[in-house]
2 protein chains.
Amino acid sequence: MNIATDTRSRIIAAAKPRFHSRSYANVGIQEICESAGVQKGSFYHFFPSKRDLVMAVIDEFADEWAHGFVAEAFDPALPPMERIDYLVDAAYFWQKSIKQVHGRMLGCIFGNLTLEVSTQDDILRAKLLAIFSRAKSRFKDTLEEAVAAGTIAPLDADLTAEAMLAYLEGVILLAKSQNDPEVIYRLGPAIKTLRVEAAA
Amino acid sequence: MNIATDTRSRIIAAAKPRFHSRSYANVGIQEICESAGVQKGSFYHFFPSKRDLVMAVIDEFADEWAHGFVAEAFDPALPPMERIDYLVDAAYFWQKSIKQVHGRMLGCIFGNLTLEVSTQDDILRAKLLAIFSRAKSRFKDTLEEAVAAGTIAPLDADLTAEAMLAYLEGVILLAKSQNDPEVIYRLGPAIKTLRVEAAA
DNA sequence: CTTGCATTTTACCGAACGGTCAACTAGCAT
DNA sequence: ATGCTAGTTGACCGTTCGGTAAAATGCAAG
């Protein structure tokens with residue numbers, strides 16, 4: 001059982017950096033199998049299809065973030081609006097360190113995959129949508145807490161949360177187009193100026 | 001000469017909606033040729049490579065926008081900040097009409113291609129960067145005009161312009177993840193709340 | 001020792017990929 | 001009429017694509 005799990009996770013480990021640094025269509029099963037030291041027949045024993053593999057990869061990235069930077073950023077001990085700063089900083093430092101190692105800014109794999117596959121595969125789109133949905137909730141809770149604490153003026157927390165998430169993805173997109181994480185550093189802090197007023 | 005030009009533009013016309021609605025890697029030369037009624041050898045008479053084709057497609061989209069919605073939106077007769085509203089509206093209506101025809105929100109082809117190929121092809125990345133750069137300039141000029149007119153408080157026009165462009169791309173990304181142009185309608189107007197203060 | 005199941009191996013499928021090549025056609029200028 | 005050239009044709013290149021099937025292996029419980 002352990003060895004089996006090991007094969008499966010070796011496949012995922014080989015797939016993760018490849019889907020992140022290239023694209024869904026550009027990474028082949030064969031390449032992943034070679035890198036993981038696994039036979040193709042063995043691959044299809046664990047994953048019914050390429051789509052199932054990328055879904056597992058999405059889950060791994062999501063867990064990694066949820067238990068890493070996101071948990072740190074949305075620490076209830078921090079003043080609410082500082083959590084948002086923290087998250088933007090985390091995105092910046094992460095992309096920066098990736099560039100130092102890899103030579104390129106890879107951006108957000110959820111955003112990358114969304115724009116690539118969401119017109120072609122509704123199941124993947126739904127998976128990615130769920131990820132964004134959770135992220136939005138984090139922002140929303142934080143904004144509501146900030147409003148309750150009087151840190152910021154009342155607003156539409158739901159829409160502002162979505163706007164902030166959109167902005168973060170957009171900033172990472174522009175940074176990737178320049179292959180320069182410093183874009184995140186320069187533009188990121190403006191996320192807190194975004195506001196959608198509460199409906200009357 | 002006319003017939004020759006016609007073949008070339010038939011190829012581009014066949015490629016445009018395909019690259020927009022799917023992805024760079026997912027659209028093959030063969031399919032484009034079949035749709036355009038052109039032989040593959042003829043394709044390679046006009047385009048040295050697939051990359052050159054997609055660059056021509058990018059140019060066509062850019063021209064289309066520059067002479068269409070962008071020219072309308074950045075009309076000097078409009079009050080500066082209304083131009084930005086106009087552009088967001090244009091993005092919304094365009095995506096909405098695409099969805100009505102196509103059944104799906106296709107998003108911004110420049111953003112789509114950026115996230116797909118910019119780690120793999122620096123020439124394409126540079127091409128897309130140039131598009132974003134021009135878009136940013138439009139925002140920047142508008143913001144400077146608005147500041148000069150006293151419509152908005154002084155700010156860092158360059159960074160705010162980039163932030164607004166990022167936000168617009170991010171909003172379209174989130175809308176695509178939900179396959180729902182109404183996201184643009186709901187979140188778009190908040191673009192004017194974005195501010196990067198001028199350096200001291 | 002045997003049965004049964006999970007895992008792995010190997011060979012294979014048809015289709016599509018981007019790209020090349022040589023032969024051919026048509027139109028125009030000399 | 002002839003030669004040049006832009007354009008076109010259709011066959012072909014080797015490679016890779018995602019996915020399949022059957023046989024072989026290892027291992028653990030009865």
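If you're wondering where the values come from, they're calculated on a predicted model, not measured in any experiment. Protein chains get the first letters and strands the later ones, always in sequence-line order, with residue 1 at the start of each.
- Under the 4.5 Å side-chain heavy-atom criterion for ILVMFWY residues, no single connected hydrophobic cluster contains both B:Leu78 and B:Met164.
- For residues 109-118 of chain B, there are no salt bridge (charged side-chain N to carboxylate O under 4.0 Å, His left out) pairs, not counting sequence neighbours.
- Atom CZ of residue A:Phe19 and atom CD1 of residue A:Ile109 lie 8.0 Å apart, to the nearest 0.5 angstrom.
- A straight line from CZ of A:Arg10 to C1' of C:dT7 spans 12 Å, rounded to a whole angstrom.
- Atom CZ in B:Arg51 sits roughly 14 Å away from atom C1' in C:dG19 (whole-Å rounding).
- A straight line from CZ of A:Phe43 to P of D:dG18 spans 9 Å, rounded to a whole angstrom.
- Residues from residues 114-128 of chain B placing a heavy atom under 4.0 Å of any atom in DNA chain C do not occur.
- For B:Ile29 and C:dC17, the CD1 to P distance is 9 Å, given to the nearest whole Å.
- Atom CD in B:Gln30 sits about 12 Å away from atom C1' in D:dG10, given to the nearest Å.
- With hydrogens and angles disregarded, no donor-acceptor distance shorter than 3.5 Å links the side chain of A:Lys96 to the backbone of A:Glu182.
- Between B:Thr7 and D:dG7 there is no side-chain polar atom (N or O) within less than 4.0 angstrom of OP1 or OP2.
- Atoms CH2 and SG, on A:Trp65 and A:Cys108 in that order, are 8.0 Å from each other to the nearest 0.5 Å.
- With D:dC17, D:dG18, C:dT7 as the choices, the nucleotide that has an atom nearest any side-chain atom of A:Phe46 turns out to be C:dT7.
- Contacts of residues 17-28 of chain B with DNA chain C (heavy atom under 4.0 Å): B:Val27, B:Gly28.
- The salt bridge (charged side-chain N to carboxylate O under 4.0 Å, His left out) analysis of residues 44-53 of chain A, with sequence neighbours excluded, yields the pairs A:Arg51-A:Asp121.
- Between the side chain of A:Arg8 and the backbone N or O of A:Phe47 there is no donor-acceptor pair closer than 3.5 Å.
- If you check residues 31-42 of chain A against DNA chain D, the residues with a heavy atom closer than 4.0 Å are A:Lys40, A:Gly41, listed by number.
- Side-chain atoms of A:Glu197 never come within 3.5 Å of backbone atoms of A:Leu155 as a donor-acceptor pair (strictly under, hydrogens ignored).
- Not one side-chain nitrogen or oxygen of B:Tyr44 sits closer than 4.0 Å to the OP1 or OP2 atom of C:dT20.
- Distances shown here put a side-chain N or O of A:His45 below 4.0 Å from the OP1 or OP2 atom of C:dT7.
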Derivation and outcome, side-chain hydrogen bond (donor to acceptor under 3.5 Å, both in side chains), residues B:Tyr44 and B:Lys40: CA-CA 7 Å; B:Tyr44 279 97; B:Lys40 199 187 271 194; over 6 Å; no
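- Other residues sharing a hydrophobic cluster with B:Leu129 under the 4.5 Å side-chain heavy-atom criterion for ILVMFWY residues do not exist; the residue is a singleton.
- Ring centers of B:His102 and B:Trp94: at least 6.0 Å apart, outside the cut-off.
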